[in-house]
Colleague: 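Take a look at this one; I'll ask things after.
Quick note on labels: first sequence line is chain A, next is B, and so on, each numbered from 1.
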Amino acid sequence: MREMDKAFDFKTAQGRWYATWEAAKTFEAKPASGKPPFSMSLPPPNITGNLHMGHALAYSLPDVLARLKRAQGFDVCWVPGVDHAGIATQIIVERKLKEEGTDRHQLGRDRFLERIWAWKDQNQVDIENQLRRLGASLDWSRKRFTMDPDLNRAVRKVFVEAYRQGRIYRGPRMIQWDPVSRTALSDLEVKHVERNGHLWHINYPFADGSGHLTVATTRPETMLGDTAVAVHPEDARYTHLIGKLVRLPLTDREIPVVADGFVDQDFGTGCVKLTPAHDPNDHAAGLRLGLPAIVVIGFDAKMTPAAGAAYAGLDRFECRKKVVAELEALGLLAKVQTHISQVATSDRTGAVLEPLVSEQWFMNVADAAQKALQAVRDGRIAFTPQHHVAVWEHWLTNIQDWCISRQLVWGHRIPAWTCAACGHLHVELEAPTACSECAAAKLDQDPDTLDTWFSSALWPFSILGWPDETADLARYYPNDVMCTSYDIIFFWVARMVMSGLTWTDSIPFRQVYFNSLVRDASGAKMSKSKGNVIDPLEVMDEFGTDALRFTLISMSAPGTDIALSPAKLESSRNFCNKLWNAARFVQMNLTDEVTLSVEPELGEAEYWMIRRLREVLGKVTTALDEFRFHEAADLLYHLVWDDFCATYIELAKINLMNGTVGQKAAILQFLDILLLTLHPMVPFVTEEIHEAVVVDRLPPGEPRLLAERAWPLTHPLLAREGGDISLVPRFQDLLTAFLRLKAEYGVDPAKRVAAACTVLELKPFAEALKAIARLENVDFTATELASPTRVVAVVSGGTIALEMAGLKDPVAEQAKLEKEREKLLKELEPLRGRLADESFVTKAPAAAVAKLRGQAEEKEARLKQIVALLG
RNA sequence: GGGCGUAUAACUCAGCGGUAGAGUGCUACCUUCACACGGUAGAAGUCCCAGGUUCGAAUCCUGGUACGCCCA
């Protein structure tokens, strides 16, 4: 048996145990086991980065479930994987190329891809090892990458099917264009940020010279592409102008004044310029009104020749300055207001996006969205916390077609080929060798790739082998639980549900648990620019993985974000250490013949501990089943610290050190049950203790790894009942009363003084009382305790006294007793009042009345004793 | 503009119809043979505000206020 150190050395334990579990295939799914399946898919982390605190949380929680379900006898299949993260990855590798003085155009598509693959291979290893460090009990034999060949096959299958069904189509449309990464984005990837800007009021003179009207705009450079000015059809200020022509300043064009209901009469002047080529609203209005669209800004965010020779080639923001300056010079700038505007930027690059019309692939998801809405409405998919349903409903009922093509190299290539000869479009699973229309052999594949989320949307079933009807798919699909962050509810969860219902005719998972977001100690979002990022890897080094996990778990109250503080991490580390030391104390006092096979000898304290274990274990099991992780953690924290360490071990100390084998066996059983219960949350420290204390004492045939043992809810010991368990809490009260008495009268805590007590039922605890409260002896007697040399206090069911010899100060004692009496009277006042209130007594539930009456009686009894002592 | 969430002890948060809790911090004391990453005792809160429902509201309802997030 190994001697345990004074403190838990998490650094060595963490590395050792994961390797052991992995080698034992503890976490591999066992489809042939005959156990019921329980399955989850790991939200695949991007290959681009390190594990951050969000991952640590999002993976710790399902790991608790996975370990719990495994212990409960399920065949757990938790599939890991990583995501290729199209834009994010390409940006990083391009940055590396730039540092090397080259770029992707110089390298060419194929060599650029080779570079990304090499980078991906290395990063994947890193992130997988970080998942191991976190303790995530994943089935690595089933690990996937979103661009694995069979996952690519699933992507092509969906694309081709959807194309044939008319769900996927290609066409020119206004999309949000990221001029930095040079690709189209979907609406979801657009982030609206508030920027301080201006609202420029510009005079547009009438063509007939009869004055001008004034338009207000936040983007004056786009005026070069204006093809109309719009007013509201019911705006009395302007109705007479509808149909007139204005001369567009800085150009030689004349454009009409038109009417359209979308114009907001209260914004600016109530006149808006229309630039159908560069604004989504104007684009829509242009289509409605049949207006031409003039493209004045290109894909490089520079002005095109159509903007006019004076502006062509200028960056859009340079052009803005020039336009404003020239308008001012011409006296056409009526007014400039400061204005806070919502600017569309790229979620990834932060670049200001440019709405542009471009040829892209789209997916119509209207039908799938209806199915997804229905699945949640009828309860086939349940959300925790439920309030996310409201946002879900809103988004899915207003869903737009999804722009799925990206002008990126890294990703799933779109399986579409155009015949170079006749232009026929072929959408096929495999590259066609000849055109079906004209038999030409030269076919060019679409250079674009698919939105990263296109493959992620298929994740729960593609990783199980879909579209093949594999055994894994039959057994583990749909998944039981999907744990993920609520910030990707649309990006990912909605799309998985839509895809699952469309392509597998099944929900992809039954329950969705949305974890919180992790913030810093003051509640601010962690970001590199703020410098408040807490690195989980560093935390694991400093406090231990178990402490990190326990912290995140115990702060995971549904619906609130987590403010992570060092104080909380310390507290969790201390908790692990407390457990470690309790175990160490037990181990130090166990002889070889004490094993889990020995029949435990039970006394009052043991029956009380059994009751506590049974209650808490029941509550913990329910809490975890209902995703109330924080509640489970809190219950266990107090079970270990207050009940097991502070109360039970203190009471059982004598037995532990000098008791029988049977008495020690009981203590060992309790420790074992605690380890089993805590293991899903803090796997490393529990496995380490298990090895040091329990393994050599296990019954034959029991798994030697804690991670493989059964959840103790149905442990036979927990069913045992006996003794008067109410004595333990009463003993606690008695103990506290003695300690308080010593403290109040300034008795040195270490000084052993003689004591007396009239609560005779607690005599069995006399030895423990003497030891813990440091009393010389305790005289349990029914006779009156008050005496000139003693100080007294009142407890539940009796009186206690300390022998003070010549140190007693009668005046001070009198004052203390009087103070106690005042306190009791003050507490009794509302109780008496409510019990005297007839409407309460008659209308409140009997249990509530009885409870209150009990409290009142207890206090009345104490009061009576105090009054007696005061003479 | 619409929606969601949050306001409880100095801090971070639980509780969400039966009269106020935890962790950390703070005060005093204690190195007692598991643990100072420990122990004992203690101080500390008009549960954001105003109405309403109820025998009873931190908890439910209505209306404010402040902060955060999402969508437009």
Side-chain angles (χ1 to χ4, degrees), chain A residues 4-8 10 187-188 190-192 264 280-281 342 344 385-395 398 486-487 489-490 516-517 519-525 543-544 547 551 554-589 628 630-631 633-635 637-638 641-642 645-646 649-650 653 656-657 735-744 746-752 771-774 827 830-831 833-834 837-845 847-852 855:
Chain A
M4 296 170 75
D5 295 333
K6 199 170 171 179
F8 170 49
F10 53 82
D187 300 340
L188 273 181
V190 178
K191 190 107 181 135
H192 293 271
D264 178 359
N281 285 325
Q342 299 282 333
Q386 276 191 326
H387 65 78
H388 289 296
V389 171
V391 199
W392 170 269
E393 284 276 339
H394 183 258
W395 189 71
N398 295 290
Y486 65 78
D487 55 344
I489 183 168
F490 308 133
S516 319
L517 296 183
R519 299 168 179 280
D520 75 3
S522 57
K525 207 166 178 171
F543 298 98
T551 299
S554 59
M555 299 192 82
S556 266
T560 53
D561 288 342
I562 293 176
L564 190 67
S565 68
K568 185 72 195 170
L569 288 164
E570 260 180 52
S571 153
S572 298
R573 179 203 56 191
N574 296 354
F575 172 67
C576 293
N577 195 241
K578 186 75 181 176
L579 179 69
W580 173 262
N581 272 290
R584 175 168 167 256
F585 185 44
V586 172
Q587 189 236 29
M588 280 166 32
N589 289 289
R628 296 194 312 272
H630 69 297
E631 193 182 314
D634 187 60
L635 283 163
Y637 182 95
H638 289 104
W641 207 302
D642 301 345
C645 294
I649 288 190
E650 289 300 335
K653 233 171 196 172
L656 185 57
M657 293 190 283
L735 181 62
T736 304
F738 271 114
L739 290 169
R740 188 185 295 135
L741 211 47
K742 280 181 104 173
E744 281 178 350
V747 180
D748 180 352
K751 185 178 160 67
R752 295 194 175 273
I772 304 168
R774 314 217 122 214
E827 287 169 358
L831 292 177
R834 290 182 61 204
D837 180 354
E838 196 149 331
S839 56
F840 169 71
V841 179
T842 51
K843 289 187 184 175
V849 180
K851 191 180 162 195
L852 211 66
Q855 288 172 2

Colleague: With the side chain of A/Asn581 defined as its heavy atoms from C-beta on, choose the nearest nucleotide among B/rA34, B/rC70, B/rA14.
Modeller: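 The closest nucleotide is B/rA34.
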Colleague: Partners of A/Glu744 by salt bridge (charged side-chain N to carboxylate O under 4.0 Å, His left out), sequence neighbours excluded?
Modeller: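 Partners of A/Glu744 under the salt bridge (charged side-chain N to carboxylate O under 4.0 Å, His left out) test: none.
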Colleague: Rounded to whole Å, how long is the line connecting atom CE of A/Met555 with atom C1' of B/rG23?
Modeller: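 Taking atom C1' of B/rG23 as the reference, CE of A/Met555 is at 9 Å.
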Colleague: Provide, to the nearest angstrom, the distance between the NZ atom belonging to A/Lys568 and the P atom belonging to B/rU24.
Modeller: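 From A/Lys568 NZ to B/rU24 P: 8 Å.
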Colleague: Sugar-phosphate atoms are those with a prime plus P, OP1 and OP2; base atoms are the rest. Using that split, label each nucleotide of nucleotides 52-60 of chain B B, S or - for protein heavy atoms under 4.0 Å, 5' to 3'.
Modeller: ---B-----
Colleague: On RNA chain B, check which nucleotide each of A/Tyr637 and A/Leu188 is closest to and give me the residue with the more 5' one.
Modeller: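 Closest to the 5' end, via its nearest nucleotide, is A/Tyr637.
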Colleague: I'd like to check the side-chain hydrogen bond (donor to acceptor under 3.5 Å, both in side chains) partners of A/Glu393; sequence neighbours left out, ordered by chain and number.
Modeller: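 Only A/Arg377 meet the side-chain hydrogen bond (donor to acceptor under 3.5 Å, both in side chains) criterion with A/Glu393.
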Colleague: Which residue, A/Phe490 or A/Asp634, contacts RNA chain B at a nucleotide closer to its 5' end, judged by nearest heavy atom?
Modeller: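 Nearer the 5' end of the strand: A/Asp634.
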Colleague: Rounding to an integer number of angstrom, what distance separates B/rA28 and B/rA43 when you compare their P atoms?
Modeller: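 These two P atoms come out 15 Å apart once rounded.
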Colleague: Please state how far atom CZ in A/Arg573 lies from atom C1' in B/rU24, giving the value in whole angstrom units.
Modeller: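 Value for this atom pair: 13 Å.
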Colleague: Would you mind classifying the nucleic acid contact of A/Glu827 as base, sugar-phosphate or nothing, using non-hydrogen atoms under 4.0 angstrom?
Modeller: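 Answer is nothing: A/Glu827 stays at 4.0 Å or more from every strand.
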Colleague: Determine the Euclidean distance between corresponding C1' atoms of B/rC13 and B/rC30; express it in Å to zero decimal places.
Modeller: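 Between the two C1' atoms, the distance is 30 Å.
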Colleague: On a whole-Å scale, what distance lies between the C1' atoms belonging to B/rA58 and B/rC26?
Modeller: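 Going atom to atom, C1' in each nucleotide, I get 25 Å.
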Colleague: Compare the minimum distances between each of B/rC4, B/rA34, B/rU32 and the side chain of A/Arg774, then state the nucleotide with the smallest one.
Modeller: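 Output: B/rU32.
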Colleague: So A/Gln342, base contact, sugar-phosphate only, or nothing? Heavy-atom distance under 4.0 Å.
Modeller: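 Result for A/Gln342 = base.
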Colleague: Who are the ring pair (Phe, Tyr, Trp, His ring centres under 6.0 Å) partners of A/Tyr637, not counting sequence neighbours?
Modeller: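 A/Tyr637 satisfies ring pair (Phe, Tyr, Trp, His ring centres under 6.0 Å) with A/Phe575, A/Trp641 once adjacent residues are dropped.
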Colleague: Taking ring pair (Phe, Tyr, Trp, His ring centres under 6.0 Å) as the definition, give me every residue that meets it alongside A/Tyr486, ordered by chain and number, with sequence neighbours left out.
Modeller: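 In terms of ring pair (Phe, Tyr, Trp, His ring centres under 6.0 Å), with neighbours along the sequence ignored, A/Tyr486 is linked to A/His388.
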Colleague: So what does A/Lys742 hit on the nucleic acid, given a heavy-atom distance under 4.0 Å: a base, only sugar-phosphate, or nothing?
Modeller: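 Here A/Lys742 touches no strand at all.
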Colleague: How would you list, by chain and number, every residue that makes a side chain to side chain contact (heavy atoms under 4.5 Å, CB included) with A/Leu739, sequence neighbours excluded?
Modeller: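 With sequence neighbours excluded, A/Leu739 shows a side chain to side chain contact (heavy atoms under 4.5 Å, CB included) to A/Leu735, A/Ala773, given in chain and number order.
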Colleague: Closest approach of A/Lys6 and A/Asn577, non-hydrogen atoms and distance?
Modeller: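 Nearest heavy atoms, A/Lys6 then A/Asn577: O-ND2, 4.4 Å.
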Colleague: Which residues pass the side-chain hydrogen bond (donor to acceptor under 3.5 Å, both in side chains) test with A/Glu631, sequence neighbours left out?
Modeller: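 Result, side-chain hydrogen bond (donor to acceptor under 3.5 Å, both in side chains) vs A/Glu631: A/Arg628.
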Colleague: Enumerate the protein-to-nucleotides 38-40 of chain B contacts in which both atoms are nitrogen or oxygen and the separation is below 3.5 Å.
Modeller:
residue : atom : partner  : partner atom : Å
B/rG38  : OP1  : A/Asn574 : ND2          : 3.1
B/rG38  : O3'  : A/Lys578 : NZ           : 3.1
B/rG39  : OP1  : A/Lys578 : NZ           : 3.1
B/rG39  : OP1  : A/Trp641 : NE1          : 2.6

Colleague: Separation of A/Ile489 atom CD1 from B/rG5 atom P, in whole Å?
Modeller: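 After rounding, the gap between these two atoms is 13 Å.
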Colleague: According to side-chain hydrogen bond (donor to acceptor under 3.5 Å, both in side chains), who are the partners of A/Gln342, at least two apart in sequence or on a separate chain?
Modeller: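 A/Gln342 satisfies side-chain hydrogen bond (donor to acceptor under 3.5 Å, both in side chains) with A/Glu194 once adjacent residues are dropped.
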Colleague: Which part of the nucleic acid, if any, lies within reach of A/Cys576 when heavy atoms closer than 4.0 Å are counted: base, sugar-phosphate only, or nothing?
Modeller: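 Nothing, no nucleic acid heavy atom in range.
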Colleague: So is A/Arg573 actually on top of A/Phe543's ring, under 6.0 Å and inside 45° of the axis?
Modeller: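 No, A/Arg573 does not lie over the aromatic ring of A/Phe543.
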Colleague: Find the distance between CD (A/Gln587) and CG (A/Asn581) and round it off to the nearest 0.5 Å.
Modeller: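 One gets 11.5 Å once the value is rounded to the nearest 0.5 Å.
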Colleague: Under 4.0 Å: is that the gap between some side-chain N or O of A/His630 and OP1 or OP2 of B/rG15?
Modeller: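 Affirmative; the distance criterion is met.
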Colleague: Without decimals, in angstroms, what is the distance between A/His394 NE2 and B/rG5 P?
Modeller: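 One finds 15 Å between P of B/rG5 and NE2 of A/His394, rounded.
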Colleague: Quick one: stems for RNA chain B, with Watson-Crick or G-U pairs under 3.5 Å, at least three in a row?
Modeller: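 Listed by first number, the stems are B:1-7 with B:65-71, B:10-13 with B:21-24, B:26-30 with B:38-42, B:48-52 with B:60-64.
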Colleague: Please report the distance separating the C1' of B/rC33 from the corresponding atom of B/rG38, rounded so that it comes out in whole Å.
Modeller: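 After rounding to an integer number of Å, I get 14 Å for this pair.
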Colleague: For a quick check of understanding: with a heavy-atom distance under 4.0 Å over all strands, which category does A/Ala582 fall into, base, sugar-phosphate or nothing?
Modeller: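 Since a base atom lies under 4.0 Å of A/Ala582, the category is base.
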Colleague: How many whole angstroms separate atom CG of A/Leu569 from atom C1' of B/rC13?
Modeller: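 A/Leu569 atom CG is separated from B/rC13 atom C1' by 14 Å.
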Colleague: A/Thr551: what forms a side-chain hydrogen bond (donor to acceptor under 3.5 Å, both in side chains) with it, not counting sequence neighbours?
Modeller: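 Scan of A/Thr551 (side-chain hydrogen bond (donor to acceptor under 3.5 Å, both in side chains), adjacent residues dropped) gives A/Ser572.
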Colleague: Going by the rule salt bridge (charged side-chain N to carboxylate O under 4.0 Å, His left out), which residues pair with A/Lys578 if we only count those two or more places apart in sequence or in a different chain?
Modeller: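 For A/Lys578 there are no salt bridge (charged side-chain N to carboxylate O under 4.0 Å, His left out) partners, ignoring immediate neighbours.
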Colleague: If you check every side-chain atom of A/Lys851, which of B/rA34, B/rC70, B/rG18 has the closest atom?
Modeller: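 Selected nucleotide (nearest to the side chain): B/rG18.
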Colleague: Mind checking the CZ-NZ spacing from A/Arg774 to A/Lys751? Nearest 0.5 Å is all I need.
Modeller: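 One finds 13.0 Å between CZ of A/Arg774 and NZ of A/Lys751.
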Colleague: May I have the distance from A/Trp580 (atom CH2) to B/rA34 (atom C1'), rounded to whole angstrom?
Modeller: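 So the CH2-C1' distance, A/Trp580 to B/rA34, works out to 12 Å.
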Colleague: Tell me the closest heavy-atom pair linking A/Ala547 and A/Cys576, and the distance in Å.
Modeller: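 Answer, listing the atom of A/Ala547 first, then A/Cys576: N-SG, 4.2 Å.
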Colleague: Taking the P atom in each of B/rC70 and B/rG17, what is the distance between them to the nearest angstrom?
Modeller: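 So the two P atoms sit 30 Å from each other.
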Colleague: Distance check needed: B/rC33 P versus A/Lys653 NZ, whole Å only.
Modeller: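 Spelled out: NZ on A/Lys653 to P on B/rC33 is 9 Å.
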Colleague: Using atom C1' of each nucleotide, how far apart are B/rG5 and B/rC29 to the nearest Å?
Modeller: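 Straight-line distance between the two C1' atoms is 45 Å.
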Colleague: Please give the distance between the C1' atoms of B/rU31 and B/rC69 as a whole number of Å.
Modeller: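 Rounded to whole Å, the distance is 50 Å.
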Colleague: I'd like the C1' distance from B/rA14 over to B/rG21, given in whole Å.
Modeller: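 7 Å, rounded to whole Å.
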